[in-house]
Protein chains: 2
Amino acid sequence: MAKPPKENSPITEHLTYLLAQANREINRQLETRLAKEGVPVEQWRILKVLSDGNGHSMGELADAVLLNHPTLTKMIDRMVSDALVYRVQDPKDRRKVLMFVSDRGKALCRRLNSLAVSQEEHIVESYGDKSTTELKRLLESLIGTAN
Amino acid sequence: MAKPPKENSPITEHLTYLLAQANREINRQLETRLAKEGVPVEQWRILKVLSDGNGHSMGELADAVLLNHPTLTKMIDRMVSDALVYRVQDPKDRRKVLMFVSDRGKALCRRLNSLAVSQEEHIVESYGDKSTTELKRLLESLIGTAN
DNA sequence: GGGAAAATATTGAATATTCAACAATTGAAG
DNA sequence: CTTCAATTGTTGAATATTCAATATTTTCCC
């Protein structure tokens with residue numbers, strides 16, 4: 001089994017393709033579950049990151065939830081309209097805006113967490129305990145490596 | 001090490017998040033390389049799938065390159081303008097359109113393949129032969145499982 | 001065979017994302 | 001201290017994606 005694909009290898013042998021495909025499928029599954037609450041996956045990520053109760057700047061948050069800055073700004077606008085989160089100017093550095101979850105957001109986040117955990121339990125069930133753990137380990141390591 | 005995350009686990013322990021993050025990083029890397037040819041990753045995928053010389057219908061192609069149908073249609077429009085691919089009505093089933101690569105597209109595809117392979121070689125180098133192979137195996141298996 | 005239902009691809013409007021420019025604040029250098 | 005560069009977040013225009021509706025062809029069933 002040759003490790004890096006040859007130039008004429010099918011695309012399905014490329015790591016980048018396998019990652020994209022797996023991500024697409026798992027993300028779709030989750031999307032379907034979260035649809036019960038009418039919330040996109042990214043909003044779950046945002047709520048979850050903010051759930052530590054500390055204020056997070058927009059930059060921090062954008063990195064954490066894997067969104068570009070302008071995309072995040074506009075999504076946060078919507079979430080503020082829905083009273084899920086709110087902005088506070090950072091007193092230490094007035095360029096920054098600190099984001100917080102509202103009580104409503106916390107309640108929603110709990111329901112979403114439950115849906116997300118149940119999805120992952122379902123994956124573990126059919127894919128296996130061992131494979132899941134090992135896959136997570138390898139992904140973490142890849143992320144650290146890619147840098 | 002608990003296998004499925006608890007409801008209050010950080011998002012970084014969710015498989016869905018690790019996949020999204022890894023995919024994002026690797027995809028960015030590739031994007032940067034392919035930028036040398038001014039081509040988005042999806043177009044490389046399209047060219048590569050069509051490189052087997054057989055005609056592929058739009059539906060087939062959309063599945064293979066992980067794009068929704070209307071998105072693919074519009075991207076193909078652009079590639080036809082650039083004379084990289086062309087459409088032929090399927091004589092067996094006139095609802096279908098068969099896509100083919102042009103010579104120009106083939107030449108571009110070769111250059112893109114070289115860039116993509118070099119990226120993956122670079123990953124293997126820093127991430128390790130063993131990890132890469134194992135990660136690919138696990139991803140393939142997950143994809144089969146997720147269904 | 002004839003007509004309804006399914007499959008395939010495209011279109012146009014609605015929505016979302018991205019890029020580049022901007023405004024505000026802070027940090028740093030002279 | 002003052003000016004210039006860097007950081008942070010937002011905005012608006014350009015671009016891309018998605019959803020729903022459409023047109024065309026085929027398949028199914030009576």
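These values consider heavy atoms only, across backbone and side chains, with no hydrogens, waters or symmetry-generated copies. Numbered from 1 within each chain, the chains take letters A, B, ... in sequence-line order.
- Residue Asp63(A) contributes atom CG, which lies 13 Å from atom C1' of dG9(D) at whole-angstrom precision.
- Phosphate proximity of dT8(C) to Ser57(B): absent, as no side-chain N or O sits under 4.0 Å from OP1 or OP2.
- At a threshold of 4.0 Å, the pair Arg137(A)-Glu134(A) counts as salt-bridged, since one of the basic side-chain nitrogens sits closer than that to a carboxylate oxygen.
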Letter by letter from the 5' end, nucleotides 13-19 of chain D scores (B base, S sugar-phosphate only, - none; protein heavy atoms under 4.0 Å) B---BBB
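- Using cut-offs of 30° and 60° for the angle between ring planes, the Trp44(B) and His14(A) rings count as perpendicular.
- In summary, Arg95(B) and Asp93(B) engage in a salt bridge, as defined by a charged side-chain N under 4.0 Å from a carboxylate O.
- Comparing dT11(C), dT25(C), dG9(D) by their closest approach to the side chain of Val97(A) singles out dG9(D).
- Grouping Ile, Leu, Val, Met, Phe, Trp and Tyr residues whose side-chain heavy atoms lie under 4.5 Å apart, directly or via other members, leaves Val117(B) alone, with no other cluster members.
- In this structure, His56(B) places its NE2 atom 13 Å from P of dA9(C), rounding to the nearest Å.
- Look at NE2 on His69(B): it is 18 Å from P on dA21(D), rounded to the nearest Å.
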Mind running side chain to side chain contact (heavy atoms under 4.5 Å, CB included) on Glu7(A) and Arg110(B) for me, showing each step along the way? CA-CA 7 Å; Glu7(A) 310 221 344; Arg110(B) 277 191 292 275; 5.6 Å; no
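- Across the protein-nucleic acid pair, Lys92(A) atom NZ and dT25(C) atom P stand 18 Å apart, rounded to whole Å.
- Remark: side-chain polar atoms of Lys136(B) are paired, donor with acceptor, to backbone N or O of Glu13(A) under 3.5 angstrom.
- The separation between Lys96(A) atom NZ and dA23(C) atom C1' is 18 Å, rounded to whole Å.
- Salt-bridge annotation for Glu31(B) and Arg24(B): absent, with no side-chain N of the basic residue lying under 4.0 Å from a carboxylate O of the acidic one.
- Checked by atom type and distance alone, the side chain of Ser102(B) pairs as donor or acceptor with a backbone atom of Ala83(B) at under 3.5 Å.
- At least one donor-acceptor pair closer than 3.5 Å links the side chain of Asp52(A) to the backbone N or O of Asn54(A).
- Per the geometry, CZ belonging to Arg94(B) stands 14 Å off C1' belonging to dA23(D), to the nearest Å.
- Each end of the helix from dG1(C)-dC30(D) to dG30(C)-dC1(D) gets its own rotation axis from five pairs of C1' atoms, and the angle between them is 20° to the nearest 10 degrees.
- Between Arg87(A) and dG9(D), a side-chain N or O to OP1/OP2 separation shorter than 4.0 Å is absent.
- In this structure, Asp77(A) places its CG atom 13 Å from C1' of dG12(D), rounding to the nearest Å.
- The shortest distance between the side-chain N/O atoms of Arg95(B) and the OP1/OP2 oxygens of dA23(D) is not below 4.0 Å.
- Where Asp90(A) and Leu98(B) each meet DNA chain C at their nearest nucleotide, the meeting point lying more 5' is that of Leu98(B).
- Rounded to whole Å, the distance from CG on Asp93(B) to C1' on dA9(C) is 11 Å.
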